[in-house]
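Report on one structure; see the data block that follows.
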Amino acid sequence: MSHSAIEAHEQNADSAADLNEVLQGLRQPRKVLTPKFFYDERGSLLFEQITELPEYYPTRTELAIMRENIHEIVGLIGPQASLIEFGSGSSMKTRILLECLDHLAAYVPVDISRDHLLAAAEALAAEFPHIEVLPVVADFTQPFDLPQPKVMPLRNIVYFPGSTIGNFMPDAAQALLEVMYQEAKEDGALLIGVDLKKDTAILERAYNDSAGVTAKFNLNMLRRLNNEFSANFDLDKFEHRAIYKESPGRIEMHLVSTSAQEVSVAGEVFHFGEGESIRTECSHKYTLEEFEAMAERAGFSVNRVWTDPEGLFSVQYCLRL
Ligand code: SAH
Ligand code: AVI
């Protein structure tokens with residue numbers, strides 16, 4: 001795909017390190033893969049379909065919170081900020097901010113899913129010609145640099161919607177918040193979407209939709225390993241499973257082997273017993289107090305919290321302490 005109008009800042013792609021991560025995960029007694037491998041072009045499109053599912057409440061709830069409170073949010077951010085978005089995907093929620101923010105210095109979407117990011121950046125640049133759009137293709141868990149906007153920003157606002165923070169183990173989530181603290185710089189802030197603890201049935205429905213889109217999204221990881229890491233997973237021999245575990249407070253997504261089988265990845269053979277699974281994703285849910293404690297450990301103070309009437313989801317504005 002060619003994206004001539006927009007310059008992409010490509011950073012830290014390392015397929016050897018990715019393969020190593022895959023192999024290390026599959027060598028564990030409890031096999032595990034990291035959710036960043038969901039997001040090739042097909043995975044990004046499947047995620048977009050998930051966001052429209054009736055059972056998947058987070059996207060529409062977060063959008064409603066943003067729309068409801070946009071004037072207050074814009075007032076807190078102030079003029080001439082640089083908006084740096086982690087895991088921007090299709091930048092759907094960002095449009096609400098881009099429409100309302102006062103003289104934005106630049107919009108810097110950061111995402112690992114290259115073509116999807118560039119297509120979204122091109123569309124935004126056409127829609128908002130007065131805003132400098134500076135897409136960064138990077139794995140945000142590894143060091144990366146941010147491009148310098150033409151207009152000097154008055155402050156940096158790190159935007160991290162979608163509750164993607166929940167896809168990281170608590171230590172890694174805190175480490176990521178610390179990176180955001182650094183990127184926010186002095187006087188900067190973090191605007192973050194955080195999914196909240198709730199009734200197990202609502203959570204499990206959201207990750208086991210009746211149309212089977214989440215199952216396709218989950219299985220797409222194996223398709224990707226077949227395409228990119230010389231693996232030979234038979235997608236018909238694995239099943240999607242998503243369950244909520246109370247004690248860590250997270251949805252776990254697994255791919256369960258339906259029979260005893262062997263699979264090879266880049267020449268290394270892995271054995272699966274019948275019923276053995278690969279954990280592909282954790283989606284942690286927080287109480288407001290739990291998230292506040294983690295944000296504080298990373299150097300932020302939670303300045304403002306907006307939720308929906310049912311208390312399903314939160315958007316939080318955090319200042320550097
Ligand atoms: N922010 C959007 C998309 C959330 S899906 C929303 O709220 O709907 C998670 C996004 O994070 C995907 O676009 C995925 O490609 C990106 N992502 C996941 N892990 C990443 C990583 N390690 N580095 C960069 N982007 C990542
Ligand atoms: C991107 N992330 C916050 C989603 C979530 O809800 O954890 C990914 C997802 N997995 C299954 N459905 C959606």
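Whatever order the structure lists ligands and atoms in, that order sets their numbers, starting from 1.
Residue N167 touches ligand 2 through its side chain alone, judged by heavy-atom distances below 4.0 Å. Only side-chain heavy atoms of Y39 come within less than 4.0 Å of ligand 2; its backbone N, CA, C and O stay farther off. Neither the backbone nor the side chain of F38 has a heavy atom within less than 4.0 Å of ligand 2.
Using a cut-off of 4.0 Å between Lys/Arg side-chain N and Asp/Glu carboxylate O, D195 and K285 are scored as salt-bridged. Taking the charged nitrogens against the carboxylate oxygens, E310 and K198 have no contact shorter than 4.0 Å, which rules out a salt bridge. Salt bridge absent: R114 and E41 never bring a charged side-chain N and a carboxylate O closer than 4.0 Å.
Checked by atom type and distance alone, the side chain of N167 never pairs as donor or acceptor with a backbone atom of E281 at under 3.5 Å.
By heavy-atom distance, the residue among E281, H240, M253 lying nearest atom 9 (C) of ligand 2 is E281. Relative to atom 3 (C) of ligand 1, the option among S91, G193, G87, P109 with the closest non-hydrogen atom is G87.
Sorted by first and then second residue, the ring pair (Phe, Tyr, Trp, His ring centres under 6.0 Å) pairs involving residues 231-256 (not counting sequence neighbours) are F233-F238, F238-F272.
The closest approach between D111 and ligand 1 falls below 4.0 Å for a heavy atom of the residue. Heavy atoms of S44 stay at 4.0 angstrom or farther from ligand 1.
Atom NZ of K197 has more than 12 neighbouring heavy atoms from other residues, nucleotides or ligands inside a 6.0 Å radius.
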